[in-house]
A.B. asks: 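Handing you a structure now.
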Amino acid sequence: MATTDASMHDEIQAEASQGTVVNFGFWIYLMSDVIIFSMLFAGFVVLSTSYAGGPTGRELFELPGVFLETLALLFSSLTYGLVMISLRQGNKRRVQGWLLVTFLLGACFIGLELHEFLSLALEGHGPQRSGFLSAFFTLVGTHGTHVTFGLLWILVMVGQVAYKGLTPAVASRLTRLSLFWHFLDIVWIAVFSTVYLGGMYR
Amino acid sequence: MLGRLSLDAIPYDNGIIMFAVALMAIVGVVAVGSTTYLGKWGYLYKEWLTSVDHKKIGIMYIILAFVFLLRGFVDALMMRAQQATAGPGHSGYLPPEHFAELFTGHGTMMILFVAMPLIIGIINIAVPPQIGARDVAFPFMNSISLWLTYAGGLLIMASLAVGQFSTAGWTGYAPFSEYPANPSTGVDYWIWALQISGIGTTLTGINFLVTILRERAPGMTLMRMPIFTWTALITMIMVVLAFPALTVALGMLTLDRLFDFHFFTGGMGGNQMMYINMFWIWGHPEVYIVILPAFGVFSEVTATFCNKRLFGYRTMVYATMVIALLSFTVWVHHFFTMGQGPLRNTVFAISTMVIGIPTGVKIYNWMATMFRGRIEFKQPMLWTLGFILLFTVGGMTGVMLAIPGIDYKVHNSEFLVAHFHNVLIPGTIFGMFAGYTYWFPKAFGFRLDEQWGRRAFWGWTIGFTVAFMPLYVLGAMGMPRRMVSYSNPAWTPWLWVAAFGALIVLYGIACQVVQLLVSIKNRDRLADLTGDPWGGRTLEWAMSSPPAEYNFAVIPTVHGIDAFMEMKEQGTAYQQPAEYSDIHMPKSTPAGLVIGAGAFVFGFGVIWWIWWLAILGGLTMLASVIWRACTDDVEFTIPAAEVKRVEDERFRKLALAGQRGDVIDTGSRGRMPFGGDMTGLHPG
């Protein structure tokens, strides 16, 4: 029967495209995350001069440290690109290796960010000091929280690659982790431009 | 160890609350007791709580909605009683704090835990089969959404017994919702109920957006989708765009309250207007999120019960899109009086009034569908007619409120209360009741009793009118909203009328409860053996009622709008295929339930500053997600032989229905049973 043939064909197609359906869903999730960050950016811009007598961004920010953070994160995107190339080559060890390098670079980023946060807080410039600092810590901290979950995800994937090998399911998950990781990079470019560069000239 | 939780948190001294708690406890004990007595825990766990089947998830959403509808309505009755008796020289029977909790709880519950779960529940039941799909794109995520919504609802329930609920209104404006003004747990309960269920809703949005765009049956192009599916798609796009804004606004408020941040505080650089902007950037689209699916239901119902193709399919789709787009450009009209200046107010006033145009297009489309149609006055159609009449009034007063000059006079008055109830009750609630009566036989295999349904309809329609028209008058007389007592004797008679109207609505709700019981009792007589009790036009009616787990044994191929009607006309609707193939379906999993439980524990811990408990809840969620992320084997196979057995049974039932002549009783126009002659039913 014609309908049966059509539906079987459809089913085969559906199975083949299951990965792309999940990836599409993940894209939509990322778009919802764009809204989260947009709101945080909008909030930051609204409060960007609400110093309440406290320090300004220009007085607080130390660009060399932020530059190092940026380098770490951007290079981690490069190394994640190498994860995907190794995946395509089917080289399990190299996938794991580059995942670990990406993890280390991401961890450096988080370490530097925590260092910045702690030193600000210890000098009395914590998020409680002013609306500006609340918005600063929340925006940058939300990005940092995303990166932290990304690090956790990398570890999970290192484990999955080790135990399951480069199966289609694992490869599909690595693709989405790649989307997530590059997305965080792009958000960081916006953070760097708006918060730090903007703060230096505000 | 227990944060700020102590025995003082239980409001012993408030008799009304203790009575409600006792009632809740009794219902809980009876539910647990009877499940144990009947030995149904295994069934409940295996078939429902861990299910990822969109049909069951939809039903569980609707159960949640009805529980909260009852609670929210009791709050409404109490408020009406208070305002009727709290005139000059009287203080009524409620203390101001309790009254404030009531209007906050009523608004929060009705929007987030009645309207939303009803909509999501009905979308769950109707949309996958309307597009010829076997399930949603992400069945497991669907289960997470459900249990996150339950977790939020449970927090509201818990606030009744432990601590208190927010007194800051459902909008929770800062700085009143900030810690210095409102240090109790009320606002925190409100925040976490919204936050947790809101994240669940965002996931639903992603899920259905992907489902509708990627899981349609072959041949179903976008412009062949049923209108309800269209409205669901556009609603879900709005959900994905709007709900993250709520997440952020609530997150900032949480940081303010818990960690002394200064987003919305008075002083220290906080900006209170930012909260109001951020809230309504979500809040206004939310208004359309709850109305557009109702428009979709009305479209389906009108076409079905007028036995005509919907008039102006394309304009309906475009009108829905335009409403969705405009809904993101009008949020300032919620606070014209807060000093943006005339230019900005004018821009937002115009964008608000413009929404009347696509909405008007829809109203005319429905009327044109009815024109020269053969209208069957069944329950879903009654709700639709009530909607068209009453909603138009609400829409008109909305345009009035959109004029800043008028808004300055009636802002935050009972006029506003009358307006939004006038769009939400005849719009959303009637729409969901129409959907409930329309798709009930699909979900359960039997129809709802007509007689009691009619009584419910008249109770709601008359009750609504009597309860809310006086509020327009009161608003024009200058009565502000949310008054626990007042000194103007001229208001009292109108408030008594409103209270009486609420009692008529109570009659309507009672009829709905009776209707459900009567229908269950008479389920054999009301049985829908064909799967097509109304002469439906869209694919969900091609399935049996209730549908098999896999919905469609063979995925249908679609050739036009109103796919099922076309199949019936061509005589291809009820042909049993020669053979079946294996079907892969998603496996049940407890992970969604565990994540929901974790979210509840997390929320409760944060509300009461019991940090170890919050960490425990958070880790539970994280561990479940990771465990699930490492699971590859998420499907099972229904063998072709089993499919054949189920389908043979279905065709046996169809033959029985043919013998009993069941289908003929759905109309006096001599419509033939399935597969029969359908000509002449398709004018224009």
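Reminder, nothing fancy here: chain letters follow the sequence lines and each chain counts from 1. Just so you know, these numbers use all the heavy atoms, side chains as well, and skip hydrogens, waters and symmetry mates.
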A.B. asks: Give a yes or no on this: more than 12 heavy atoms of other residues, nucleotides or ligands lie within 6.0 Å of atom CD of A:Q89.
C.D. replies: yes

A.B. asks: Please classify the contact of A:Q128 with chain B as side chain, backbone, both or neither, using a heavy-atom distance under 4.5 Å.
C.D. replies: both

A.B. asks: So A:Q160 and B:C630, do their side chains get closer than 4.5 Å, heavy atoms only?
C.D. replies: yes

A.B. asks: At a heavy-atom separation under 4.5 Å, does B:L213 approach chain A through its side chain, its backbone, both, or neither?
C.D. replies: side chain

A.B. asks: Starting at CG of B:N271, measure out to OG of A:S134 and round the result to the nearest 0.5 Å.
C.D. replies: 12.0 Å

A.B. asks: Surrounding CZ of A:F75 (heavy atoms of other residues, nucleotides or ligands, distance under 6.0 Å), is the total greater than 12?
C.D. replies: no

A.B. asks: Does any heavy atom of chain B fall under 4.5 Å from the side chain of A:L133, the backbone, both, or neither of them?
C.D. replies: neither

A.B. asks: When rounded to the nearest 0.5 angstrom, what is the spacing between CD1 in A:I28 and CG in B:N207?
C.D. replies: 11.5 Å

A.B. asks: Check each atom of A:Y29 against the heavy atoms of chain B and say whether the ones under 4.5 Å are side chain, backbone, both or neither.
C.D. replies: both

A.B. asks: Under a 4.0 Å threshold between the charged nitrogen and the carboxylate oxygen, would A:R173 count as salt-bridged to B:D632?
C.D. replies: yes

A.B. asks: Does any heavy atom of chain A fall under 4.5 Å from the side chain of B:L203, the backbone, both, or neither of them?
C.D. replies: neither

A.B. asks: Select one option (side chain, backbone, both, neither) describing which atoms of B:V248 are under 4.5 Å from chain A's heavy atoms.
C.D. replies: side chain

A.B. asks: To the nearest 0.5 angstrom, please state how far the CZ atom of A:R129 sits from the NE2 atom of B:H262.
C.D. replies: 8.5 Å

A.B. asks: Checking heavy atoms, do the side chain of B:M141, its backbone, both or neither come under 4.5 Å from chain A?
C.D. replies: neither

A.B. asks: I need the minimum non-hydrogen distance between B:A137 and A:V21, along with the two atoms involved.
C.D. replies: CB-CG1, 4.1 Å

A.B. asks: So do A:M31 and B:L241 actually touch side chain to side chain, heavy atoms under 4.5 Å?
C.D. replies: no

A.B. asks: Hey, what do you get for CZ (B:F261) to CG (A:L47), rounding to the nearest 0.5 Å?
C.D. replies: 12.0 Å

A.B. asks: Let me know if B:M278 has heavy atoms under 4.5 Å from chain A in its side chain, its backbone, both or neither.
C.D. replies: both

A.B. asks: For B:R224, does the CZ atom have more than 12 heavy-atom neighbours from other residues, nucleotides or ligands under 6.0 Å away?
C.D. replies: yes

A.B. asks: Give the intermediate values and the outcome of side chain to side chain contact (heavy atoms under 4.5 Å, CB included) for residues A:V46 and B:N277.
C.D. replies: CA-CA 11 Å; A:V46 168; B:N277 272 290; over 6 Å; no

A.B. asks: Mind checking the OG-CD1 spacing from A:S32 to B:I206? Nearest 0.5 Å is all I need.
C.D. replies: 4.5 Å

A.B. asks: Who wins among B:L255, B:V239, B:V240, B:I237 for the most heavy-atom pairs under 4.5 Å with chain A?
C.D. replies: B:V240

A.B. asks: State, to 0.1 Å, how close B:G269 and A:A52 come at their nearest heavy-atom pair, and which atoms those are.
C.D. replies: N-CB, 3.8 Å

A.B. asks: Name the region of B:I626, side chain, backbone, both or neither, that has any atom closer than 4.5 Å to a heavy atom of chain A.
C.D. replies: side chain

A.B. asks: Among A:T138, A:T49, A:L40, who wins on heavy-atom pairs under 4.5 Å with chain B?
C.D. replies: A:T138

A.B. asks: Counting only heavy atoms closer than 4.5 Å, note whether A:F149 contacts chain B via side chain, backbone, both or neither.
C.D. replies: side chain

A.B. asks: Out of curiosity, A:I35 CD1 to B:I281 CD1, how far, rounded to the nearest 0.5 Å?
C.D. replies: 10.0 Å

A.B. asks: Which one, A:A169, A:P127, A:A135, leads in non-hydrogen pairs under 4.5 Å with chain B?
C.D. replies: A:P127

